[in-house]
J.: 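Sharing a structure, written as structure tokens. Questions coming.
Per chain, numbering begins at 1; letters A, B, ... match sequence-line order.
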Amino acid sequence: MTYSLTTPLYYVNAKPHLGSTYTTIACDALARFQRLEGQQVLFVTGVDEHGQKIQRTAEARKISPQAHCDEISREYMDLWSEWEISNDRFVRTTSERHLPLVQEFFHRCEAAGHIRTGHQEGWYCVECEEFKDDPANAKSPSCPTHQKPLEWRDEENLFFCLSKFQKPIESLIAEPGFIAPASRRKEVENFVAGGLRDFSISRVNVSHGLPVPGHAGHTFYVWFDALLGYLTALLDDGGSVDLDRLSSAGWPVSVHVIGKDILRFHAVYWPAMLMSAGLPLPKSVFGHGFLTREGQKMGKSLGNVLDPELLLERCGTDAVRWYLLRDIQFGDDGDFQQQRFVDLVNNDLANTIGNLLNRTSSMSRKWFGNGLPAVAETVRDDHVLRGKAELTIQQVRTSIPELNFQKAAEAVLQLAIDTNGFLNEQAPWSQMKQPGQEVQVGEDLYAVLECSRIVGILLQPIVPDLSQRILAQLGLSPISGSWTDHLKWGSLVPGSPLPKPEPVMQRLELESPL
RNA sequence: GUCAGAGUAGCUCAGCUGGUUAGAGCACAGGAUUCAUAACCCUGAGGUCGAGAGUUCAAGUCUCUCCUCUGACACCA
């Protein structure tokens, strides 16, 4: 059973921003977690490259649409590689394999009687790629979101008969867990309850798109072909482009992770399209929140956008991943605050987790021959810290599948806090001054190092690099494959050597604003 | 405008089916300690729980009204 998950296919109209990075990081954490749990994982991301908006952007830049797409897509691929995103696929909707798939899908819908021609006229916003509800006799209406004049369009389009799916869509979205988080379900329900209308799936006069077979002059509307990119990605396994192969290629996905703005497309339009084509439906759709910065919307006009590349360069992947996943409830909107970012990274990662490891390793080396104390197995198994560590493991294992990264991160952090507290209570540095306490100190230090090891392992999906550094400080190599065996209490080998301690996490010191 | 959600310490948020002196983290102040990355540990200060009314022995938690913010309201990647 494959666990497949997708990010949105990002629109290549402009260079990647922090929002897409956020989504991708979250998916990466989930994908890494599932691999550690022993699942066969297919992590899909990619880009959406069609539509009139891109065509016009390219024209404005005086380059071909394809050249423009190549350039921006390259930026995405490079960025994900810099962030060490572990995606298995990267799909482009201008790739050769995509066209035959879209056409095959379309034929299925057509054969099922769900495609009709229709007439569509009205005021159109190219930026939005949509018809607006402004009255036909309006003089020179402009788009409320883009502040640009609307264009009058009067064209023949192909329509997808969404109206025929009212009932099945209603029961689909009523299924618990299909739309996540549950708080977002209501708005989709309201939308559906208003009655589903057919939507257009083709455009005329847009050359930068995929041709609709049998309808000369029509290209597919960007949404129609973009969603199908998920299928193309899954079939890109060296085999043929054939919808019948999907079930053995990772379809249906376990979860589509998307921004809340496009929830409706994924929870309503997309399932209907799949029903029409006779394909199984995704198991869930998770709409996460948006990021603001210091309480304000990030945008070009305000000049306050956070460039992911710059962020990575100045702060590193661990700091950013930790902050985004640990401080923001995935699903809710979040605010990026520089002071808080620095505070949390320094407190949680450097002070609490990093220093725990550092101080313990240092003590152990000092008193136990540059290595771990040699303690008997029976004593180790009974240590008071064991229960706490095992509880933490449980918490992480139940939280991450629910995409509750915050809860998982907090649980791991809490283990480190409790372990630090334990050390202060026991005060091994005082005990060592008393005669005959060495055995007790050895047992405690062993248990504390064992907790540090478990912290390091549990951190792997969230902050993979830091996780490795922690394990390296314990003289361990990175784990590959399933982590189940590694999560067993008492895996550290008593008496084995410990490397010279070095801070695993440097403090962030940002003199200037990001 | 209609619908949905939210307004709790300086900041980010927990508070389940109403029940002892309203919690956590960060920031702030004090203390303790020296194993450690000026770190860790403890203590403290700080809130009329958006406003008003009501139900109840008892309301942050239920009802009503009002104020503020956010989101959705058809094809906004």
J.: Between the side chains of Asn87(A) and Trp80(A), is a donor N or O closer than 3.5 angstrom to an acceptor N or O?
T.: no
J.: Which value, in whole Å, describes the distance between the C1' atoms of nucleotides rA27(B) and rC13(B)?
T.: 15 Å
J.: By nearest atom, which of the nucleotides rA4(B), rC35(B), rC41(B) is closest to the Asn420(A) side chain?
T.: rC41(B)
J.: Looking across every strand, which nucleic acid part, if any, lies under 4.0 Å from Tyr10(A) by heavy atom: base, sugar-phosphate, or nothing?
T.: sugar-phosphate
J.: Write down the distance between NZ (Lys407(A)) and P (rU12(B)), rounded to a whole number of angstrom.
T.: 23 Å
J.: Looking only at side-chain atoms of Ile417(A), point me to the closest of rU34(B), rU37(B), rC41(B).
T.: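 Selected nucleotide (nearest to the side chain): rC41(B).
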J.: With a 3.5 Å limit on both atom pairs, tell me what rU33(B) is paired to, counting Watson-Crick and G-U wobble, or say none.
T.: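 With both distances under 3.5 Å required, rU33(B) matches none.
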J.: Any idea which of rC3(B), rA39(B), rG25(B) is nearest the Arg340(A) side chain?
T.: rG25(B)
J.: If you compare every side-chain N and O of Asn347(A) against the phosphate oxygens of rA27(B) (OP1, OP2), does one of them come in below 4.0 Å?
T.: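 Checking Asn347(A) against rA27(B): at least one side-chain N or O falls below 4.0 Å of OP1 or OP2.
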J.: Would you kindly give the CD-to-C1' distance between Glu187(A) and rA6(B), to the nearest whole Å?
T.: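 Result: 14 Å.
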J.: Students often get this wrong, so: under 4.0 angstrom with heavy atoms, is Asp48(A) touching a base, only sugar-phosphate, or nothing?
T.: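 Contact class for Asp48(A): base.
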J.: Please work out whether the ring planes of Phe220(A) and Phe224(A) are parallel, tilted or perpendicular, with thresholds of 30° and 60°.
T.: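 It falls in the parallel class, under 30°.
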J.: Compute the centroid of each ring, for Phe160(A) and then for Phe106(A), and state whether the two points are separated by less than 6.0 Å.
T.: no
J.: Rounding to the closest angstrom, what is the interatomic distance between rA29(B) and rA45(B) at atom C1'?
T.: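 Rounded to whole Å, the distance is 7 Å.
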J.: Which part of the nucleic acid, if any, lies within reach of Val47(A) when heavy atoms closer than 4.0 Å are counted: base, sugar-phosphate only, or nothing?
T.: nothing
J.: Who does rG44(B) pair with, Watson-Crick or G-U, both distances under 3.5 Å?
T.: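 Paired with rG44(B), as far as the under-3.5 Å criterion goes, is rC28(B).
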J.: Does rG18(B) pair with anything, Watson-Crick or G-U wobble, both distances under 3.5 Å, and if so, with which nucleotide?
T.: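 When the pairing criteria are applied, nothing turns out to pair with rG18(B), so the answer is none.
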J.: Given the C1' atoms of rG23(B) and rG47(B), what is the spacing between them in whole Å?
T.: 11 Å
J.: Any salt bridge linking Arg116(A) with Glu110(A)? Criterion: basic side-chain nitrogen under 4.0 Å from a carboxylate oxygen.
T.: no
J.: Can you tell me, in whole Å, how much space there is between the P of rG18(B) and that of rC73(B)?
T.: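 Approximately 35 Å lies between the P atom of rG18(B) and that of rC73(B).
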J.: Looking at every strand, decide which applies to Pro8(A) at a 4.0 Å heavy-atom threshold: base, sugar-phosphate, or nothing.
T.: nothing
J.: Hey, which of these two, Lys433(A) or Leu9(A), hits RNA chain B nearer its 5' end, going by closest nucleotide?
T.: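 Whichever sits nearer the 5' end wins; that is Lys433(A).
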J.: Taking the side chain of Lys366(A) as heavy atoms from C-beta outward, which of rC35(B), rG71(B), rC73(B) is closest to it?
T.: rC35(B)
J.: For rA38(B), which nucleotide is its Watson-Crick or G-U wobble mate, given both distances must be under 3.5 Å?
T.: none
J.: Is there a Watson-Crick or G-U wobble partner for rC62(B) with both distances under 3.5 Å, and which nucleotide is it?
T.: rG54(B)
J.: Is there a Watson-Crick or G-U wobble partner for rA4(B) with both distances under 3.5 Å, and if so, which one is it?
T.: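 Partner of rA4(B): rU70(B).
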J.: Using whole Å, report how far CD1 of Ile258(A) lies from P of rA72(B).
T.: 13 Å
J.: Can you check whether any acceptor in the base of rC40(B) is under 3.5 Å from a donor in the side chain of Asn424(A), or vice versa?
T.: yes
J.: Nearest whole angstrom, please: distance from the C1' of rC73(B) to the CG of Leu263(A).
T.: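 The answer, rounded to whole Å, is 14 Å.
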J.: Under 4.0 Å between any heavy atoms, over every strand shown, what does Leu423(A) touch: base, sugar-phosphate, or nothing? Just pick one.
T.: nothing
J.: Pick the C1' atom in rG10(B) and in rG52(B), then give their distance to the nearest Å.
T.: 27 Å
J.: Among rU37(B), rA36(B), rC35(B), which nucleotide has an atom closest to any side-chain atom of Met505(A)?
T.: rU37(B)
J.: Rounding to a whole Å, what distance do you find between Gln406(A):CD and rG25(B):C1'?
T.: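 From Gln406(A) CD to rG25(B) C1': 10 Å.
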J.: Closest to the Lys186(A) side chain: rA4(B), rU12(B), rU37(B)?
T.: rA4(B)
J.: rC42(B) and rA32(B): how far apart are their C1' atoms, nearest whole angstrom?
T.: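 The same atom, C1', in both gives a distance of 7 Å.
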J.: Rounding to a whole Å, what distance do you find between Arg185(A):CZ and rG5(B):C1'?
T.: 15 Å
J.: Side chain of Trp367(A) only, heavy atoms from C-beta on: which candidate in rG25(B), rC35(B), rC73(B) is closest?
T.: rC35(B)
J.: Check the phosphate of rC40(B) against Asn351(A), side-chain N and O only, distance under 4.0 Å to OP1 or OP2. Yes or no?
T.: yes
J.: Does Phe265(A) reach a base, just sugar-phosphate, or nothing at all? Heavy atoms under 4.0 Å.
T.: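 Sugar-phosphate only.
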J.: May I ask you to decide if the ring planes of Tyr22(A) and His288(A) are parallel, tilted or perpendicular, using 30° and 60° as cut-offs?
T.: perpendicular
J.: In terms of side-chain heavy atoms, does Tyr76(A) have a donor or acceptor partner in Thr45(A) at a distance below 3.5 Å?
T.: no
J.: Which nucleotide wins on minimum distance to the side chain of Leu344(A), given the candidates rU37(B), rC26(B), rU33(B)?
T.: rC26(B)
J.: So that I can tick it off, tell me whether Arg92(A) and Asp48(A) are bridged by a salt bridge, with the cut-off set at under 4.0 angstrom between side-chain N and carboxylate O.
T.: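 Judged by the 4.0 Å cut-off on N to carboxylate O distance, Asp48(A) and Arg92(A) do not form a salt bridge.
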J.: Ignoring hydrogens and angles, state whether a donor on the side chain of Asp335(A) or Gln337(A) is under 3.5 Å from an acceptor on the partner side chain.
T.: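 Note: Asp335(A) and Gln337(A) side chains meet the donor-acceptor criterion.
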J.: rA22(B) and rG44(B): how far apart are their P atoms, nearest whole angstrom?
T.: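 Rounded to whole Å, the distance is 14 Å.
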J.: To the nearest Å, how far apart are Arg184(A) CZ and rU70(B) P?
T.: 16 Å
J.: Considering only atom C1', compute the distance from rC11(B) to rC3(B) and round it to an integer number of Å.
T.: 32 Å
J.: Which is more 5' along RNA chain B, the nucleotide nearest Asp327(A) or the one nearest Asp343(A)? Just name the residue.
T.: Asp327(A)
J.: Between C1' on rG71(B) and CZ on Phe290(A), what's the gap in Å once rounded to a whole number?
T.: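 For the pair Phe290(A) CZ and rG71(B) C1', the rounded distance is 10 Å.
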J.: Using distance alone, with no hydrogens and no angle criterion, decide if His383(A) and Asp444(A) have a side-chain donor and acceptor under 3.5 Å apart.
T.: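 Yes, a side-chain donor-acceptor pair sits under 3.5 Å.
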J.: Which part of the nucleic acid does Gln337(A) contact within heavy-atom distance under 4.0 Å: base, sugar-phosphate only, or nothing?
T.: sugar-phosphate
